[in-house]
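For reference, the structure is listed below as structure tokens.
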Amino acid sequence: MTQQLNLTQEWDKTFPQSDEVFHQKVTFTNRYGITLAADLYKPKDQNENLAAIAISGPFGAVKEQASGLYAQELAKRGFLTLAFDPSYTGESGGTPRNIASPDINTEDFMAAVDYLSVQENVDPEKIGILGICGFGGMGLNAAIMDTRIKATVTSTMYDMTRVNAKDYFDAQDNEEARHEKRKVMCEQRTLDLKNGTYASAGALPDEAPEDAPQFLKDYIAYYRNRQRGYHPRSQGEGKGWNVTGCQSFIDMPILTYVNEIRSAVLMIHGEKAHSCYFSKDAYAKMIDGNKYTDNKELMIIPGAVHTDLYDQMDIIPFDKIEDFFKTYLK
């Protein structure tokens with residue numbers, strides 16, 4: 001059964017609406033029975049046999065931000081696009097709120113492919129996906145699973161299971177550190193049950209401390225800036241993820257069989273991004289022993305930081321992305 005969602009009908013995106021595409025709100029349900037909210041963008045000058053792209057991310061964002069920006073721009077370039085809120089976030093269903101799952105969030109992409117596959121104006125042999133930040137990792141994980149996905153783009157990708165289990169740059173890749181993380185999470189579960197509510201880890205502050213790392217300052221400059229990327233439904237409606245929201249990431253790694261992806265993959269990352277090692281390492285693993293490497297590419301954007309690929313139109317390589325999808329969704 002599809003859950004009835006309360007969807008905002010007015011344009012509340014962080015980017016201006018284009019008059020070159022049609023836009024509408026839609027819903028679809030994943031394999032776990034969670035109803036997802038999405039924005040569908042369609043080019044005005046094309047009506048049938050369209051190539052389609054499902055888009056989500058960044059991790060903690062909503063479809064009114066970066067994924068919608070990508071979706072609208074690619075629709076202007078001739079694709080039918082679907083920007084969706086992952087389970088438990090934004091306008092999508094799922095309770096409790098503000099949690100994530102490597103399994104369910106991978107399934108979210110596959111459910112989006114389900115939806116696109118049965119649209120009358122979409123060619124089911126021409127479906128791709130695009131994942132940003134943490135949903136770049138989820139998208140790549142879906143590409144391992146789903147043979148209907150013919151082309152995948154990841155932009156400024158995070159492997160959320162790796163960073164949760166090992167910390168940044170694998171600085172806490174040891175049993176003792178993981179034991180302490182598990183202990184904290186399990187103690188919090190007991191407290192949550194006693195309190196009858198899920199404790200929030202807290203969202204980003206409005207201003208960064210002077211001694212904050214540059215990537216944290218970059219996140220704040222995007223998510224908390226009302227002239228740039230701020231949206232009231234992102235970052236857990238301003239409350240952040242639940243403390244236990246990513247507990248399963250510690251022991252359920254994604255990308256285990258990434259070198260078995262046969263379909264086309266383009267991975268894009270900024271040279272100066274703190275997260276660039278996620279894409280470099282995942283790409284190396286993807287082509288190691290893979291019989292299908294001619295359709296795989298890693299593109300590094302000189303001088304770009306992680307959040308530049310969220311919304312900087314002069315930095316995001318849309319011409320390259322368009323050419324990639326037109327090459328492999330034909």
Side-chain angles (χ1 to χ4, degrees), residues 32 34 56-62 85-90 92-108 133-138 141 156-220 222-224 233-256 273-275 277-278 281-282 306-307:
Y32 292 98
I34 300 169
S56 195
F59 196 79
V62 289
D85 285 333
S87 296
Y88 309 108
T89 65
S92 286
T95 55
R97 304 303 290 167
N98 306 323
I99 63 173
S101 160
D103 181 15
I104 294 174
N105 292 146
T106 297
E107 162 62 22
D108 289 342
C133 184
F135 281 85
M138 302 300 179
N141 206 48
T156 200
M157 186 203 86
Y158 251 63
D159 179 343
M160 294 304 302
T161 56
R162 179 177 177 181
V163 75
N164 274 276
K166 303 178 181 181
D167 210 336
Y168 285 106
F169 305 103
D170 302 340
Q172 294 184 356
D173 185 14
N174 60 79
E175 185 273 341
E176 183 64 29
R178 279 186 285 275
H179 174 77
E180 288 303 314
K181 290 179 182 179
R182 294 175 184 128
K183 183 179 178 182
V184 169
M185 291 282 190
C186 291
E187 289 174 350
Q188 186 63 53
R189 290 176 68 110
T190 302
L191 287 174
D192 287 347
L193 186 59
K194 287 180 178 179
N195 294 331
T197 186
Y198 291 93
S200 171
L204 291 169
D206 288 335
E207 296 184 7
E210 289 187 7
D211 60 349
Q214 185 57 47
F215 74 86
L216 179 58
K217 295 178 181 179
D218 292 338
Y219 281 136
I220 292 170
Y222 176 77
Y223 283 108
R224 307 308 292 175
R233 286 194 295 274
S234 78
Q235 296 283 296
E237 297 183 340
K239 296 177 291 187
W241 295 99
N242 291 347
V243 173
T244 60
C246 295
Q247 183 175 20
S248 62
F249 285 67
I250 297 173
D251 197 42
M252 297 183 184
I254 59 174
L255 309 183
T256 302
H274 68 287
S275 52
Y277 72 100
F278 289 125
D281 289 357
H306 183 85
T307 54

Task: Asp206: partners by salt bridge (charged side-chain N to carboxylate O under 4.0 Å, His left out), with sequence neighbours left out - done: Arg224
Open item on the list: Tell me whether the count of non-hydrogen atoms from other residues, nucleotides or ligands lying under 6.0 Å of NZ in Lys239 goes above 12.
Closed with: no
- [ ] Give me the one residue out of Asp167, Asp173, Asp251 that meets side chain to side chain donor-acceptor pair (under 3.5 Å) with Arg178.
- [x] Asp173
Task: Close side-chain approach of Cys246 to Phe59, heavy-atom, < 4.5 Å - done: yes
Task: Counterpart residues, ring-ring contact (aromatic ring centres under 6.0 Å, His included), relative to Phe249 (two or more places apart) - done: none
- [ ] Could you list the residues that satisfy side chain to side chain contact (heavy atoms under 4.5 Å, CB included) with Pro205, not counting sequence neighbours?
- [x] Ile220
Task: Non-neighbouring partners of Asn164 that pass side-chain hydrogen bond (donor to acceptor under 3.5 Å, both in side chains), sequence neighbours left out - done: none
TODO: Please list, chain by chain and in numerical order, all residues satisfying ring-ring contact (aromatic ring centres under 6.0 Å, His included) with Tyr198, sequence neighbours excluded.
DONE: none
- [ ] Report yes or no: does Thr156 contribute a side-chain atom to a donor-acceptor pair with the main-chain N or O of His306 at less than 3.5 Å?
- [x] yes
TODO: Mark yes or no for whether Thr95, through its side chain, and Arg97, through its backbone, hold a donor-acceptor pair below 3.5 Å.
DONE: no
Task: Residues that Arg162 engages under salt bridge (charged side-chain N to carboxylate O under 4.0 Å, His left out), provided they are two or more places apart - done: Asp170, Asp281
Task: Residue Arg233 excluded, over 12 heavy atoms near CZ under 6.0 Å - done: yes
Task: salt bridge (charged side-chain N to carboxylate O under 4.0 Å, His left out) against Asp159, all qualifying residues, sequence neighbours excluded - done: none
Task: Residue list, side chain to side chain contact (heavy atoms under 4.5 Å, CB included) with Glu210, at least two apart or on another chain - done: none
Task: side-chain hydrogen bond (donor to acceptor under 3.5 Å, both in side chains) partners for Asp108, two or more places apart - done: Asn30, Ser87, Asn105
Open item on the list: List the residues meeting side chain to side chain contact (heavy atoms under 4.5 Å, CB included) with Lys183, not counting sequence neighbours, and say none if there are none.
Closed with: Glu180, Glu187
- [ ] For Tyr88, check ring-ring contact (aromatic ring centres under 6.0 Å, His included) against everything at least two apart and list the hits.
- [x] none
Open item on the list: According to side chain to side chain contact (heavy atoms under 4.5 Å, CB included), who are the partners of Val163, at least two apart in sequence or on a separate chain?
Closed with: Tyr158, Met160, Tyr168, Phe278
